[in-house]
Colleague: 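Handing you this structure, nothing more for now.
Atom set for the values below is all heavy atoms of this structure, side chains included, hydrogens, waters and symmetry mates excluded. Keep in mind that this is a model prediction, so the values were computed, not measured. Here is how names work: the chains are called A, B, and so on, in the same order as the sequence lines, proteins then strands, and each is numbered from 1.
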Amino acid sequence: MNPLTNPTAQAVDEVLIYIFGFSLILLLGITAVTIYFVIRYRRSKNPEPTSDVAHSFWLEAVWTLLPTIIVLTMFWYGWVNYVGLREVPEGALEVKATARMWSWQFEYPDGRRDNKLTVPVGTPVKVTLVSVDVLHSFFAPAFRIKRDMVPGMETYVWFTATEAGTYDIFCTEYCGLGHSDMITTIEALNEEEYAEWSKPAAPSGEPRGLIVINEQGCTGCHSLDGSEGIAPSLFQLAGQTRRIVVNGQTKEITVDEDYLKRAIRDPESEMVEGYDPMMPPYDSATVSDADLQAVIDYLLDKETEPAGPDAKQLLEENGCLGCHSNDGSIIVGPSFKGIGQRQVTVERDGKKVTLQVDAAYLRRALLDPNGEIVEGFAPMMPAADYLPEADIDTLVEHLLQQTGD
Amino acid sequence: MSEETHVPVPYRTFILIWVALLILTGITVAVSRVDVGALNIWVALGVASIKSSLVIFFFMHLKQESILFKIGLLTMLVILAIFVGMTFLDILYR
Amino acid sequence: MSESTTYTGFWQESPRPGILGWLLSTDHKRIGIMYLTCIISLFIVGAILGLAIRLELIAPGETIMGAQTYNATFTVHGIIMIFMFLIPSIPAAFGNLLLPIQIGARDVSFPKLNLLSWYCYIVGAILAIIAIFSGGGAPDTGWTFYVPFSTQTTTNVNLAAFAAFMLGFSSILTGINFVTTIHRLRCEGMTWGRLPLFVWTLYATAWIQVLATPMIGITLVLVILERVFGAGLFDAARGGDPILFQHLFWIYSHPAVYIMILPGMGVISEIIPTFARKPLFGYWAMAFSSLGIAFAGSLVWAHHMYASGMSDFAVLIFSFLTFIVAIPSAIKVFNWISTLYKGSIEMAPPMLYALAFIFNFAIGGLGGLALGAAASDIHLHDTYFVVGHFHYVMFGGGGFALFAAMHYWLPKFTGRMYNHKVAVIGWALLFVGFNVTYMTMQAVGVAGMPRRYYDYLPEFTTLNQVATAGSWVMGLGLLIMFVNLWRGMCSGRRVGKNPWGATTLEWEVPSPPPLENFGEEDPVVTKGPYNFKGVVADEY
Amino acid sequence: MSIEHRDDTGARFGMWLFLYTEVILFSGLFILYAMALAKYPAEFSDASHKLNIYFGSINTLVLLTSSLTIALAVSAIQMGRIKQTLILCWITIALALVFLINKYFEWSAEISHGIYPGSEQLAEMGPGITTFFNLYYFTAGLHGLHVFIGGTLIGVVAVMTAKGKVTSDRYTLLENSALYWHLVDLVWIFLFPLYYLLYH
Ligand code: HEA
Ligand code: HEA
Ligand code: CUA
Ligand SMILES: [Cu+2]
């Protein structure tokens, strides 16, 4: 817990420090007295008890009253600062957050949607929280704020980012399989960056359908590259056949526009065989008819479009840059600068080996990072084996091109 | 261990209680036809409480039981009231 | 035993020979032993699942199991540890063994009901195990069964919920039995002021069992009905309210945490006087604080819901009441410690466990204060800090109290003594491993790691690895402890009536006690429970 | 060898404790009811009017009367009038059956109107009404189960009385079954106005 200057974190930290401080004193006191008694009055030294007092009104009264006073101060402090967490300051920016299994979506006042929460530094932000399926919870540890997202109910949190940076958002209400993957970030931007960001989105070149798919968090369950998970992949759908269950009967159909419409608007009516009925229906308030059409167009001619994300984006999205820098500095792991031509010394099966970086090595480093540990670093890199093969290729290729300057 | 056996309650008492219960039932049904606003539910609950007291004290012989039984019942009712009442702290002020 | 070296008390004396003599026995001691056996077995299963959880969390990403398996693992771990291990542990096992003897009775009020309650327990446990391996797979809802997830998941929630319902029913029957027994079957001279404090805590616990447990029953039944009929009682779109489920759930499950800790406190209140050779300080304060915890404990359930979307007014009231419950606990801690003052203290294994209990419970309880305060709970709720807190109070408190009880009363019920040196080694490993594991969990929680996370961000790695390493030390300690107790039970040195020089009634009957406990004559009590004048410990 | 120990007061006290647990069991449903009533007062009285008050009232009379007969049965056995005890027990059971049959017809009628938990028609009536009927079915269902159990219990006791195992100085079993039966009555005393008699 590093010291933080934002108002909500300060409110909570004051209380935490107050209670932890008192607790520590009490604990040390109790422990010290116990140890002292146990040593001082041990049987070898004190073979018979030297006091027979079995009660004392005054002592009892003291240790009833004293704790009462202590806990009441704790209660009051906790409550007062809690009220501060609930009262949103005037002029707060309003953002709506929608949670669904297992993705986040933020909707800004100008109607744009994104799966990250981008906010300006120094302005209070009120995040209105809704859930479309089960309970989720919005938790931003850096701001010490948390609130459950309850289907059918609107809740909120507020915070002010006082320093630019990236802060984690976790889902802290258990919501099933992807609960621990339901993580995103708050991007706190300083004035210029925020102004830049708020400009009407430059046409990104991405097809509208893909934008909608990302905004709606479909990729929380569906892959776009053919890998099957808890839901069928949305890769190369045109012309595929599907075994679906309708009213308890299985039949085979070919994927077409109408089928996809039904699959998105009313997923439970026709279930792809072998999957659980967990997909929420998306009505026209959530995905407009035009957007639905865009999604379907996108899904149906996906095969013509190989576009995977580029390497830079992959490094960003997968949190690689949280540990590896591009500029030679060391954050947690080795920097990417010059990695393509480096010689490294690694520990493999307990033995030190020096080798030249090549594609095969990089691939091993991504997929089985703990097999070989670069000298001087801790074995803490998570394996990137969840990425599709194509992305690994892209990354390896990109890294090999990093030649130093 | 002392055995507290009860003197049998005469049939007459029970029949009188039964008549009272029937009359009270008539009253609740009748009252429910009259609009007294939010009071309706409280009247209904009030009459039901009277009826249940009759059942508990006479049919169930609580009147003849020792104080322990009465304290027990009271404890249960207090806890029940806490469970219901304190849930309202949330619902009514949300 | 002096008369005969083959004396085995209630282990042999039975109206029926063989296994049926156990399965159909209505003797409270036999039922207690049957409970203890099952509870310890299930504890070992649950603990191994805990070990598996820690192993999975040794590094980010998948290490030994997938996400679905992980979710099922902590759910089953929680259900076993709470419903099958800790709630019945001390009341059903040691309560049954001791309560009648400590109040000078031959048995509980309803021996047949007692046996029935054991059968409910067994049926519940078996159903829970079937639920893991059948239907749509092991339940993955967390032990809290929160809706709407629990009504939507396709895993085997119905059976698991029904199993928990049966276990609850078993707990209710035990509670009814104990309240009635304590009111009706005290022997001559056993006034309320002479009850051992263990009996007082069982009394308070039994009332919670009677008055709170039905609530979990109906709550779980509603989850099942929801799943079967799809009625929508908790579905906002159909007029339901998911938060109401949480109220119903915690109306039981908060008082339940006091079912888990109160009897443990009773055990500690027996052990400390014995090994300090002094009456317990503040008898009435201890007795009434037990009742106080039981009563006030039923007023605070919504402190689990500060972040749930509940009204702020409710947060105010429930936070206030939460702090009130801390006061009787503080009184108990202070009274235990002042009992040591000017005593003659012997650090026998039960005493070590008792002192470890006080230390662990203090840490867990003080952590509870940080959770009880509204502002700090907002940060800590559903993080590993909560996981740390409840392992401290449940395992460090309830669990250690059970271990203390096993070391204290094993000689009484088997007539044999375990090896003290080995017991101390096991205790030390367990104590150190325990604190390393859970202190670290509290730290990683304060740093912001959410609970029920199969995978975590790299910044939490180091602390998680420390916690995992701690769990191995703890596991080793447990293993040594169990093996030592087992060997002591089978082949330890024989002991007489009263190896510790203790004063409550159970130490006046032979070890192990005979079937009727007190022979022909019912005992007559003439003094308080902790009068050490003239009591000497038997040599062993 | 089992230790014969007789404590009638203890047995009754145990029964009372058990009845407390039953009350708390039902109270879970009553809590849900109270919260929903606070949220949807108008919908609740609408829904209440869809229930048939005649069925409800008749069943109230039936249960009150059965409560009387079983209370009389206890007095009868205390006075050693075994024959009367038996008759009163059988009347009680008969009334329990009448109650259940009545319930069967009431529910069939409602179900045939498409009102039952999870039905589409119910969902169309909107949130408050759905909640009302869900709770109604679950509470009345649980109560019906208790009627069934209570009736069976009294049947068993009646048989034992006929066989002479329950006698004028050993009648705790009958007393406790009667207590259970009164509880069934008590629950209905609240259930009836809460579900059938809400004002429009
Ligand atoms: C044996 C079980 C047990 C016990 C005894 C306790 C005891 C307490 N618990 Fe705990 N608790 C749990 C088991 C238990 N708890 C479980 C299982 C959960 C999580 C459930 C889940 O979500 O899965 C939980 C969660 C939990 C929460 C919710 C956290 C969250 O999810 O956000 C809170 C919040 O208030 C809380 C508070 C307390 C308090 C104030 C006490 C008090 O009773 C503690 C009192 C003790 C002391 C205060 C220490 C001893 C005294 C001294 C050392 C003397 C000095 C003291 C003073 C001067 C005050 N607990
Ligand atoms: C009494 C209760 C109790 C006990 C004793 C334990 C014991 C342990 N628990 Fe448990 N735990 C809970 C109750 C308990 N737990 C509950 C209620 C939850 C919440 C579930 C939920 O979220 O729904 C939980 C959740 C929980 C989590 C959080 C999971 C998550 O949120 O993702 C973790 C993580 O580390 C954990 C770890 C452990 C560990 C390492 C132990 C260790 O103490 C285990 C130590 C034991 C060993 C290391 C094995 C010893 C081996 C033997 C004794 C072998 C002997 C064998 C033979 C003789 C054959 N537990
Ligand atoms: Cu969403 Cu956890
Ligand atoms: Cu609690």
Colleague: Under 4.5 Å from any heavy atom of chain A, what part of C/Gln442 do you find: side chain, backbone, both or neither?
Modeller: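 Neither part.
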Colleague: Pick whichever of A/Thr8, A/Thr31, A/Thr155 has the most heavy-atom pairs under 4.5 Å with chain C.
Modeller: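 If we count pairs closer than 4.5 Å to chain C, A/Thr31 comes out on top.
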Colleague: Just by distance, no angles: are the side chains of A/Tyr174 and C/Asn71 close enough, under 3.5 Å, to form a donor-acceptor pair?
Modeller: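 There is such a pair between these side chains.
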Colleague: Checking heavy atoms, do the side chain of C/Thr153, its backbone, both or neither come under 4.5 Å from chain A?
Modeller: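 Neither part.
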Colleague: Return the orientation label for the C/Phe385 and A/Phe20 ring planes: parallel under 30°, perpendicular over 60°, tilted otherwise.
Modeller: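 C/Phe385 and A/Phe20: tilted rings.
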Colleague: What part of C/Met310 gets within 4.5 angstrom of chain A, counting heavy atoms only: side chain, backbone, both, or neither?
Modeller: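 It is the backbone, since no side chain atom gets that close.
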Colleague: Enter the distance from C/Phe281:CZ to A/Ser56:OG here, rounded to the nearest 0.5 Å.
Modeller: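 Atom-to-atom, C/Phe281:CZ and A/Ser56:OG are 5.0 Å apart.
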Colleague: Examine whether an atom of C/Tyr306 lies under 4.5 Å from a heavy atom of chain A, and if so say whether it belongs to the side chain, the backbone or both; otherwise answer neither.
Modeller: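 For C/Tyr306, the backbone is the part near chain A, not the side chain.
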Colleague: Not counting sequence neighbours, list each pair that qualifies as a salt bridge (Lys or Arg N to Asp or Glu O under 4.0 Å) and has a residue in residues 145-159 of chain A.
Modeller: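 Not a single pair qualifies under salt bridge (Lys or Arg N to Asp or Glu O under 4.0 Å).
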Colleague: Can you tell which part of C/Ile243 gets under 4.5 Å to a heavy atom of chain A, answering side chain, backbone, both or neither?
Modeller: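 When you check distances to chain A, only side chain atoms of C/Ile243 fall under 4.5 Å.
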Colleague: Between A/Phe75 and C/Phe320, what is the ring plane arrangement, given parallel below 30°, perpendicular above 60°, and tilted in between?
Modeller: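 Judged by the thresholds at 30° and 60°, the geometry between A/Phe75 and C/Phe320 is perpendicular.
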Colleague: Using heavy-atom distances under 4.5 Å, tell me whether C/Gln152 contacts chain A through its side chain, its backbone, both, or neither.
Modeller: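 For C/Gln152, side-chain heavy atoms alone lie under 4.5 Å from chain A.
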Colleague: Within a reach of under 6.0 Å around CH2 of C/Trp284, are more than 12 heavy atoms found that belong to other residues, nucleotides or ligands?
Modeller: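 Yes, because the 6.0 Å sphere around CH2 of C/Trp284 holds more than 12 heavy atoms from other groups.
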Colleague: Would the A/His179 and C/Tyr454 ring centres measure less than 6.0 Å apart?
Modeller: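 No: the rings miss the under 6.0 Å criterion.
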Colleague: Just to verify, what does A/Tyr167 make a ring-ring contact (aromatic ring centres under 6.0 Å, His included) with, not counting sequence neighbours?
Modeller: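 Testing A/Tyr167 for ring-ring contact (aromatic ring centres under 6.0 Å, His included), a comparison that skips the adjacent residues, returns A/Phe143.
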Colleague: Can you say whether A/Met74 sits under 4.5 Å from chain C via the side chain, the backbone, both, or neither, judging by heavy atoms?
Modeller: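 For A/Met74, the contact with chain C is made by backbone and side chain together.
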Colleague: Which bit of C/Met305 comes within less than 4.5 Å of chain A, counting heavy atoms only: side chain, backbone, both or neither?
Modeller: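 The answer is neither part of C/Met305.
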Colleague: Does any heavy atom of chain A fall under 4.5 Å from the side chain of C/Thr141, the backbone, both, or neither of them?
Modeller: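 The answer is the backbone of C/Thr141.
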Colleague: Could you tell me which portion of C/Ala237 (side chain, backbone, both or neither) has an atom closer than 4.5 angstrom to a non-hydrogen atom of chain A?
Modeller: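 It is neither, since no heavy atom gets under 4.5 Å.
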Colleague: If you draw a 6.0 Å radius around OH in A/Tyr275, do more than 12 non-hydrogen atoms from other residues or ligands fall strictly inside?
Modeller: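 Counting neighbours around OH of A/Tyr275, more than 12 heavy atoms of other residues, nucleotides or ligands fall under 6.0 Å, so yes.
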Colleague: Taking side chain as C-beta onward, heavy atoms only, is A/Asp168 less than 4.5 Å from C/Glu459?
Modeller: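 Counting from C-beta outward, A/Asp168 and C/Glu459 do come under 4.5 Å.
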Colleague: Between C/Asp312 and A/Tyr82, does any side-chain donor sit less than 3.5 Å from a side-chain acceptor?
Modeller: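 Per modelled atom types, C/Asp312 and A/Tyr82 side chains form a pair under 3.5 Å.
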Colleague: For the atom pair OG (C/Ser289) and CD (A/Glu60), what is the distance rounded to the nearest 0.5 Å?
Modeller: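 The CD atom of A/Glu60 is 9.0 Å from OG of C/Ser289, to the nearest 0.5 Å.
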Colleague: Tell me, side chain or backbone of C/Lys533 under 4.5 Å from chain A's heavy atoms, or both, or neither?
Modeller: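 The answer is the side chain of C/Lys533.
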Colleague: Find the distance between OG (C/Ser338) and CG (A/Leu59) and round it off to the nearest 0.5 Å.
Modeller: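 So the gap between those two atoms works out to 7.0 Å.
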Colleague: Please identify, among A/Leu27, A/Leu24, A/Val15, the residue contributing the most non-hydrogen atom pairs under 4.5 Å to chain C.
Modeller: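 Of A/Leu27, A/Leu24, A/Val15, A/Leu27 has the most heavy-atom pairs under 4.5 Å with chain C.
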Colleague: Do C/Ser344 side-chain atoms and A/Asn46 backbone N/O form a donor-acceptor pair below 3.5 Å?
Modeller: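 Judged by distance alone, yes, a pair lies under 3.5 Å.
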Colleague: Please state whether the side chain, the backbone, both or neither of C/Tyr146 comes within less than 4.5 Å of a heavy atom of chain A.
Modeller: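 C/Tyr146 touches chain A through side-chain heavy atoms alone.
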Colleague: Could you give the distance from CD1 (C/Ile378) to CG (A/Leu85), rounded to the nearest 0.5 Å?
Modeller: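 Rounded to the nearest 0.5 Å, the CD1-CG separation comes to 6.5 Å.
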Colleague: Go through the atoms of A/Val150 and report whether side chain, backbone, both or neither lie under 4.5 Å from a heavy atom of chain C.
Modeller: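 Contact with chain C involves the side chain of A/Val150 alone.
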Colleague: Verify ring-ring contact (aromatic ring centres under 6.0 Å, His included) between A/Phe139 and C/His381, making sure each step is shown before the conclusion.
Modeller: CA-CA 10 Å; A/Phe139 176 35; C/His381 172 67; 9.2 Å; no
Colleague: Using heavy-atom distances under 4.5 Å, tell me whether C/Phe460 contacts chain A through its side chain, its backbone, both, or neither.
Modeller: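 When you check distances to chain A, only side chain atoms of C/Phe460 fall under 4.5 Å.
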Colleague: With chain A as the partner, which of C/Ala67, C/Gly343, C/Ala373, C/Ala236 has the greatest number of non-hydrogen pairs under 4.5 Å?
Modeller: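 Of the options given, most contacts go to C/Gly343.
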Colleague: If I measure from the heavy atoms of chain A, does C/Val333 come under 4.5 Å with its side chain, its backbone, both, or neither?
Modeller: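 Side chain only.
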